[in-house]
Amino acid sequence: MSKKEISRRLFLKGTAAAGVSVAAASMLAGCGPTPAPSTTVAPTEPASTAAPTVAPTVAPTVAPTTAPTEPAPTQPVEPEFVWETGVTDAQSVTGDPNRTWTLWDPNDPDKNLIREGRGDIGENGAVSSPDAWSAWAGVQVMQNGGNAVDAAAAVAFAISVCDPQHSGIGGGGFMTARFANGDIKFINFREYAPELARDGYWWPVYKNEETGRWMVVGNANMTGGRAIGVPGTVAGMKYAVENYGSGKLSWKELIQPAVDLAEKGFWMGPTTSGCLGDNYENLLNYPEFGSVFLLDDETTEKLEREQNRYYTGDKFTNPQQAMTLKILQEQGADDFYKGTIAEASIKAANKYGGTFLASDFANYEAKEKEPVRGSFMGKQIISTPLPSSGGTSICEILNIMEAYGTDKLKEYGHNSAKYIHVLSEAMKMAYADRAKYLYDYGEETEKEREVMDALTSKEYAKFLASLIKDDAVLVPESHDPFEYEHQDTVSYSVADKEGNIVTVTFTVNGIFGSKVVPNGYGFILNNEMGDFSSDPTSVNAIAPFKYPLSSMSPTIVLNEDGTPFMTVGSPGGATIIAAVTNCILNVVLFGMEAQEAVNAPRAWDNANNKINYENRIPAEVIDELVKLGHEVNDSGEWPAGAGSNQVVVYAEDGKLHAAADPRRDCKAWAF
């Protein structure tokens, strides 16, 4: 078989035998459209694409009396090459010509992101999401009578299609929710380690003497089967909808927007395109992964591209994931854990070195937990408990800032050298405590709660604030929070006018996760096991059914009387804590409007004792920090690594002000 034919079959994505329409793929391969199937259930190992069968012409029953005239030879007409491109703008997403917004300039050859126009204001509901398509899916659900939980589920499935590099049904995460009646819920659907993830799961490991970090030979904790944890997203959405959904829309209806996006396609944005370029070698090394995102050689040649993949502005379809989503629609979430999808996922993971058992998937459950609660300047902070460190660390930082003196901080001014200095000191102390005290305590629930309560104690914060010197830089170290304990952790946000708020952060961890795709199913399996420490003596070392430590921090802020004020969350690994904290400080301490708070330049620190900053902060401020003794790192003008806040604020004008982060492809819609 020729290289070109192999590429063609990869491009057709192994879906014809699975019974999925490949009209868009066929068009690009120079073939006619394939009819839609009569079934949505696929075999565990889809066969390669075959040529379409043509019905034979029926022969005449009576022979002709004269010999037929032989037709003159004709050259077949070569079909005109067509390639669909476009731009993600308001009308292409919503169909509304009165809405105006564009993600990138179509006249810009580099297709750089346009930073303006990311927010929206409405009276009834709002969604802020990593992309415009999934945000609009949530709006549509609310317009059709669904509540914020229904919308959150629809957004999650749509993100799986539109933001596969960051998150999807092969990952997991957390949901924090506040309902109109005042009830508050937290749902943990984080991935956990499989049963056979025991001592020596990664081997060999070694300590890098230069950095002091433990490493795994071959990067097996980040790529391949042993990087994968049991996915929780589908179980989490099922649990949320069954227990807190409106009941007005079916499970099938909530998944349908994602099916439409996967089948009909959407314009790929700069963030996904850039991530594909960065992972081009992995697309070639993992054929199931490549089958979703690679083009055939002929199309690549006609487009005059160096890499045979999708680029910004290309119309991207994922018929493989459309099939998977249809299975979930018809068979329910259980198929993901006990049916054909589970079988395909386990087979794929184990092909690349995993040790999964059927029971690892079959026994997975989403669980409710009591959230972390704190306060700042009279506002209530509701955030993530362990296994996320995010909520605890955010409350600890805010407590230190409050104990230092909010009047002094206001006097210093936003992003002044003095303000950033205090924020840096507070962050590094919280990150040091995070490393020492925060991990999955398993069945030791009382100890877990004691640790979180101690770290979020106002008295402990007073002690830490007293250590901050105006003219000196602290060396980051953990202290003893129990000495001060009194008795008395992709993100999107959904809110409606009744006060129902849902904020979710979920992920496949690294960009495109483990790079492992169940053959023919079109979704990425996470590499969440990379969040465990590879140091076998660490409190965050891998163990069966253990959750790795997380920083995900979907957070809700309420007024003192419990009425809704804002919701915020961010992706970004350990930077999530800093991104969410910055945004809360911007709104609550400095009174910024939602989009202004999201756009504002960020500075952040961690236990590495180095201030990372966006270079939109004036150079003289950075020079002053250096004179104080801080190490600094220029992170760029709009770095994606600074986090990507998705915010909705219940503003004083009585409307919902939704803001989306311009550091990535994010967009908010409201109605």
Go through the side-chain N and O atoms of Glu443 and Thr445 and say whether any donor and acceptor fall under 3.5 Å apart. no
Give me the one residue out of Val649, Val598, Val647 that meets side chain to side chain contact (heavy atoms under 4.5 Å, CB included) with Val568. Val647
Between Ser551 and Arg434, does any side-chain donor sit less than 3.5 Å from a side-chain acceptor? yes
Value for NZ (Lys408) from CD (Glu411), rounded to nearest 0.5 Å, stands at 9.5 Å
Under 3.5 Å, is there a donor-acceptor pair linking the side chains of Ser533 and Asn540? no
Should Lys458 and Glu402 be marked as a salt bridge (charged side-chain N to carboxylate O under 4.0 Å, His left out) after you check the CA-CA gap, both sets of side-chain angles, and the distance that decides it? CA-CA 9 Å; Lys458 294 288 188 183; Glu402 187 174 56; 2.7 Å; yes
Flag yes if more than 12 heavy atoms outside Arg213 fall under 6.0 Å of its CZ atom; otherwise flag no. no
Side chains of Asn645 and Asp661, donor plus acceptor under 3.5 Å: no
Whether Arg616 engages the ring of Trp638 as a cation-pi pair (distance to the six-membered ring centre under 6.0 angstrom, angle to the ring normal within 45°) should be assessed. yes
Answer yes or no for Arg602 and Tyr613: cation-pi contact, defined as NZ/CZ to six-membered ring centre under 6.0 Å and angle to ring axis within 45°. no
Asn633 vs Asn612, side chain to side chain donor-acceptor pair (under 3.5 Å): CA-CA, chis, key distance, verdict: CA-CA 5 Å; Asn633 177 58; Asn612 299 281; 3.0 Å; yes
Have Asn181 and Asp183 got a donor and an acceptor in their side chains that come within less than 3.5 Å? yes
Quiz question: by atom type and distance under 3.5 Å, do the side chains of Lys367 and Asn188 form a donor-acceptor pair? no
Under 3.5 Å, side-chain donor or acceptor atoms of residues 167-179 against the rest of the protein: list the pairs with distances, not counting sequence neighbours.
residue : atom : partner : partner atom : Å
Ser167  : OG   : Phe506  : O            : 2.9
Ser167  : OG   : Thr507  : N            : 3.1
Thr176  : OG1  : Pro554  : O            : 2.8
Arg178  : NH1  : Gly499  : O            : 2.9
Arg178  : NH2  : Gly562  : O            : 2.9

Would you say CD of Glu370 has more than 12 non-hydrogen atoms from neighbouring residues, nucleotides or ligands within 6.0 angstrom? yes
From Asn582 atom CG to Ile394 atom CD1, the distance as rounded to the nearest 0.5 Å: 10.5 Å
Heavy-atom side-chain contact between Met529 and Asn221 under 4.5 Å: no
Answer yes or no: is there a side-chain heavy-atom contact under 4.5 Å between Ile382 and Phe186? no
Counting only heavy atoms not in Glu368, do more than 12 sit closer than 6.0 Å to its CD atom? yes
Any side-chain heavy atom of Gln646 within less than 4.5 Å of one from Ser644? yes
Spacing of Asn363 atom CG and Tyr337 atom OH [to the nearest 0.5 Å]: 12.0 Å
Would you say Tyr460 and Asp433 are linked by a side-chain donor-acceptor pair, where the criterion is simply a distance under 3.5 Å? yes
Give a yes-or-no answer on whether the side chains of Lys428 and Asn609 include a donor-acceptor pair shorter than 3.5 Å. yes
Regarding Thr537 and Asp535, is there a side-chain donor-to-acceptor distance under 3.5 Å anywhere? yes
Within 6.0 Å of NZ in Lys418, more than 12 heavy atoms from elsewhere: no
Is Arg664 reaching over with its side chain to a backbone N or O of Thr271, donor-acceptor style, under 3.5 angstrom? no
Step by step, would you call Tyr547 with Tyr441 a ring pair (Phe, Tyr, Trp, His ring centres under 6.0 Å)? CA-CA 9 Å; Tyr547 297 104; Tyr441 284 81; over 10 Å; no
Distance only, no hydrogens: is a donor on one side chain within 3.5 Å (strictly under) of an acceptor on the other, for Asn615 and Asp634? yes
More than 12 heavy atoms from other groups under 6.0 Å of CG on Asn208: yes
Short side-chain to backbone donor-acceptor contact, Trp604 and Ile577, under 3.5 Å: no
Would you say the ring centroid of Tyr419 lies under 6.0 angstrom from that of Phe590? yes
Is the charged tip of Lys379 near the ring of Phe565: under 6.0 Å from the six-membered ring centre and within 45° of its axis? yes
Gap separating the CD atom of Glu242 from the CE atom of Met237, nearest 0.5 angstrom: 13.0 Å
